[in-house]
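One structure is given here, and the rest of the page talks about it.
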Amino acid sequence: MDETKKSSKQIMNEMIAATYVRAAEAKAAGKPVCWATGIAPQEILTAMDIATVYPENFGAAMGAKHFSGHYCEVAEADGYSIDICSYARNHFGYIKEGCHVEDSANLPLPDMVLCCSNTCGTVIKWYENLAKQLNVPCLFFDTPFVYHEGKATEHQVKYMEGEVYRIIEQLEEITGNKFDYDKFKRVMEISMETGEAWMRAISVSKYTPSPICGFDMFNYMGVMVCDRGTEAARDLFNLWYEESMEKVARGEGPWKDQEEKYRVLWDGIACWPQLNLTYKMLKKFGINMVASNYPRCWMLDYSEPTIAAMARAYAENIPMNRDIPFDYNATKETASTYNLDGMISHSNRSCKPMDFKQFEVRRGIMEEVGLPSCIFDGDQTDPKVFSEAQFETRLQALVEIMEKNKANK
């Protein structure tokens, strides 16, 4: 590869940083800024050139920088319960104090917020409270729960389609600009292309050894959250895929100094404050996280660039908006496709929709598929919940079972 050419990792870091710069520049120029939930229909905002930032993504960044614990404590001192999602607590703490983290940009306050209910019920009250506290409009996209039939009903799709048109009307009122439906269609096409490129890039871990470490997925995922409606994101994931396939051709694994010994699925969101610790702990045992259902949330397959198809995708493609059989079948398929040796489940105190289904899915996979599993307590951004000793002990037990299985084979 050309040494003068930027790597996908360099481009990824630049793109994530640029998200906050664009928002700050838009605010300074008197243009509207929106705060949106992580899997909201960004296509509408992108089509209107509205600078958008994502509090969940920002919360993950604060967690990785080891500052989220402080913001959670600020919010708790203000009366927010410890049982509330730590992303929300993190953000309310940030709003009260501002950013004190070196090399991190201050988030410009929004002129509107956009909430999509496909991840959990907490975001509804979170964004209602944001709108009230900051005195800005709250745009709401409700996604009805999709049951085991596997498809949203036509009635549900019509309901969501109407919501999209209502959001467009609200944005026209707020910005004073007419909505460009031709541009909107093109953004939807790009979003589908980006989703396909994303899935192709993270699916290279099906090779043995995997050319990537699964924690790479968590890092690159920031671009998928913030920029999936852009050609730059699509091109980034295509480049990452090409780099990975070059490693496959050379027979290279995820690490230069040791071999991949065990292949596991990580069930749940990352522990962002312990991202480096969990990565190193897994590597110590030769464990490579080659698959995770969480990064797949942003693979929104419309099949066609229409409002109805887009609305359906935002309801159907999100595991948190689906029932237990959907999660079980997806995990079962992953276990087969990625040649897994085990599964690690993060019992995330903050994410109730994942936790409520996690134990039943895990039980089924262990009993019916025969895949060994361990589960540990943690949180996506509140460091108080995580125990390094517990995490290591659970890993050791899992390694013993995986090693025994390998010996039996």
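For the single chain, residues carry numbers from 1 onward in sequence order.
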Output the distance between atom CD (Gln274) and atom CZ (Phe391), rounded to the nearest 0.5 Å. 9.5 Å
Can you tell me how far apart OG (Ser191) and CG (Asp227) are? Round to the nearest 0.5 Å. 10.5 Å
Give the intermediate values and the outcome of ring pair (Phe, Tyr, Trp, His ring centres under 6.0 Å) for residues Tyr262 and Phe285. CA-CA 8 Å; Tyr262 307 106; Phe285 290 107; 8.6 Å; no
Do the ring planes of Phe145 and Tyr147 sit parallel (below 30°), tilted (30 to 60°) or perpendicular (above 60°)? perpendicular
With rounding to the nearest 0.5 Å, note down the distance linking CH2 in Trp272 to CG in Asp379. 12.5 Å
Could you check if a side-chain atom of Arg363 sits within less than 4.5 angstrom of a side-chain atom of Phe359, using non-hydrogen atoms only? no
Could Asp323 and Lys357 be called an ion pair, given the rule that one side-chain N must be under 4.0 Å from one carboxylate O? no
I'd like to know if Asp78 pairs up with Lys96 as an ion pair, taking the criterion as any Lys NZ or Arg NE/NH1/NH2 lying under 4.0 Å from an Asp or Glu carboxylate oxygen. yes
Check whether Glu260 reaches the backbone of Thr208 with its side chain - one donor and one acceptor, N or O, closer than 3.5 Å. no
What one should report as the nearest heavy-atom pair of Ser292 and Gly268 is OG-O, 4.0 Å
Write down the atom of Ala24, the atom of Pro108, and the distance for their closest heavy-atom approach. N-CG, 3.9 Å
The ring pair (Phe, Tyr, Trp, His ring centres under 6.0 Å) partners of Tyr294 (sequence neighbours excluded) come to Trp298
With heavy-atom distances below 4.5 Å as the criterion, would you say the side chains of Tyr328 and Ile365 are in contact? yes
Count the heavy atoms belonging to other residues, nucleotides or ligands that lie under 6.0 Å from CD of Gln10, then report whether that count exceeds 12. yes
Can you classify the ring geometry of Phe67 versus Tyr71 as parallel (below 30°), tilted (30 to 60°) or perpendicular (above 60°)? perpendicular
Assign the ring pair Trp266 / Phe376 to parallel, tilted or perpendicular, where the plane angle (0 to 90°) is split at 30° and 60°. perpendicular
Presence of salt bridge, Lys31 and Asp49, under 4.0 angstrom: no
With a 4.5 Å heavy-atom cut-off, do Lys5 and Leu239 have their side chains touching? yes
Non-hydrogen side-chain atoms of Ser7 and Glu243 separated by less than 4.5 Å: yes
Looking at every non-hydrogen atom in both residues, tell me the closest pair between Ile202 and Tyr338 and how far apart they are. O-OH, 4.3 Å
Using 4.0 Å as the upper bound for N to carboxylate O, is an ion pair formed by Glu169 and Arg166? yes
I want to check something: taking the side chain as every heavy atom from C-beta on, are Pro305 and Met192 in contact at a cut-off of under 4.5 Å? yes
Under 6.0 Å from the NZ atom of Lys125, do we count more than 12 heavy atoms belonging to anything else shown? no
Are Asp267 and Arg362 ion-paired here, with the side-chain N under 4.0 Å from a carboxylate O? no
Taking every non-hydrogen atom, the tightest pair across Arg228 and Leu300: NE-CD1, 3.8 Å
Could you go through the side chain to side chain contact (heavy atoms under 4.5 Å, CB included) check for Glu56 and Val225 one step at a time? CA-CA 9 Å; Glu56 291 152 278; Val225 175; over 6 Å; no
When rounded to the nearest 0.5 angstrom, what is the spacing between NZ in Lys261 and CG in Asp341? 10.5 Å
Is the backbone N or O of Tyr207 less than 3.5 Å from a side-chain atom of Ser210, with the two atoms forming a donor-acceptor pair by type? no
Restricting to side chain to side chain contact (heavy atoms under 4.5 Å, CB included), what partner residues turn up for Ile401, sequence neighbours left out? Pro372, Asn405
I'd like to check Trp126 versus Cys115 (side-chain heavy atoms, cut-off strictly below 4.5 Å). Are they in contact? no
Is there a side chain to side chain contact (heavy atoms under 4.5 Å, CB included) between Thr334 and Met343? Walk through the geometry before answering. CA-CA 11 Å; Thr334 300; Met343 181 169 73; over 6 Å; no
When rounded to the nearest 0.5 Å, the distance separating CZ of Arg394 from OG of Ser347 is 9.5 Å
At what distance, to the nearest 0.5 angstrom, does CG of Asn293 lie from CG of Leu265? 5.5 Å
For residues Leu398 and Cys374, report the shortest heavy-atom separation together with the two atoms involved. CD2-SG, 3.9 Å
Please check: side-chain N/O of Asn317 versus main-chain N/O of Met299, any donor-acceptor pairing under 3.5 Å? yes
Taking every heavy atom of Gly59 against every heavy atom of Asn90, the minimum-distance pair comes out as O-ND2, 3.7 Å
Between Lys352 and Asp83, is the salt bridge (charged side-chain N to carboxylate O under 4.0 Å, His left out) condition met? List the steps. CA-CA 10 Å; Lys352 305 301 188 292; Asp83 293 318; 5.7 Å; no
Salt bridge present between Glu242 and Arg200 (N-O < 4.0 angstrom): no
Can you tell if the side chain of Asp382 reaches within under 4.5 Å of the side chain of Arg349, non-hydrogen atoms only? no
Is there side-chain contact between His91 and Leu107, with at least one heavy-atom pair below 4.5 Å? yes
When the ring centroid of Phe58 is compared with that of Tyr20, is the distance short of 6.0 Å? yes
Charged N to carboxylate O under 4.0 angstrom, Arg186 versus Glu193? yes
Verify side chain to side chain contact (heavy atoms under 4.5 Å, CB included) between Leu134 and Trp35, making sure each step is shown before the conclusion. CA-CA 11 Å; Leu134 301 175; Trp35 286 359; 3.8 Å; yes
If you measure from the Lys or Arg side-chain nitrogens to the Asp or Glu carboxylate oxygens, is any gap between Lys406 and Glu403 under 4.0 Å? no
A quick test of your reading: do over 12 heavy atoms of other residues, nucleotides or ligands sit less than 6.0 Å from CZ of Phe356? no
List the steps, then state whether side chain to side chain contact (heavy atoms under 4.5 Å, CB included) holds for Met310 with Met160. CA-CA 9 Å; Met310 185 195 76; Met160 292 185 289; over 6 Å; no
Looking at Ser350 and Ser86, would you say the former's side chain and the latter's main chain have a donor-acceptor pair under 3.5 Å? yes
Does Asp301 reach the main-chain N or O of Glu196 with its side chain, forming a donor-acceptor pair under 3.5 Å? no
Is a side-chain N or O of Asp355 found less than 3.5 angstrom from the main chain of Asn348, in a donor-acceptor match? yes
Taking atom NZ of Lys183 as the centre, does the number of heavy atoms from other residues, nucleotides or ligands within less than 6.0 Å exceed 12? yes
Hey, are Lys332 and Glu368 close enough for a salt bridge, meaning a charged N less than 4.0 Å from a carboxylate O? no
Pair Asp111 + Lys27: basic N to acidic O under 4.0 Å: yes
Does Thr143 use its side chain to pair, donor to acceptor, with the backbone of Tyr314 at less than 3.5 Å? no
Pair up each side-chain donor or acceptor in residues 216-224 with any protein partner under 3.5 Å, not counting sequence neighbours, and list the distances.
unit_1	atom_1	unit_2	atom_2	d
Asp216	OD2	Cys213	N	3.2
Asn219	ND2	Phe215	O	3.4
Tyr220	OH	Ser8	OG	2.7
Tyr220	OH	Lys9	N	3.1

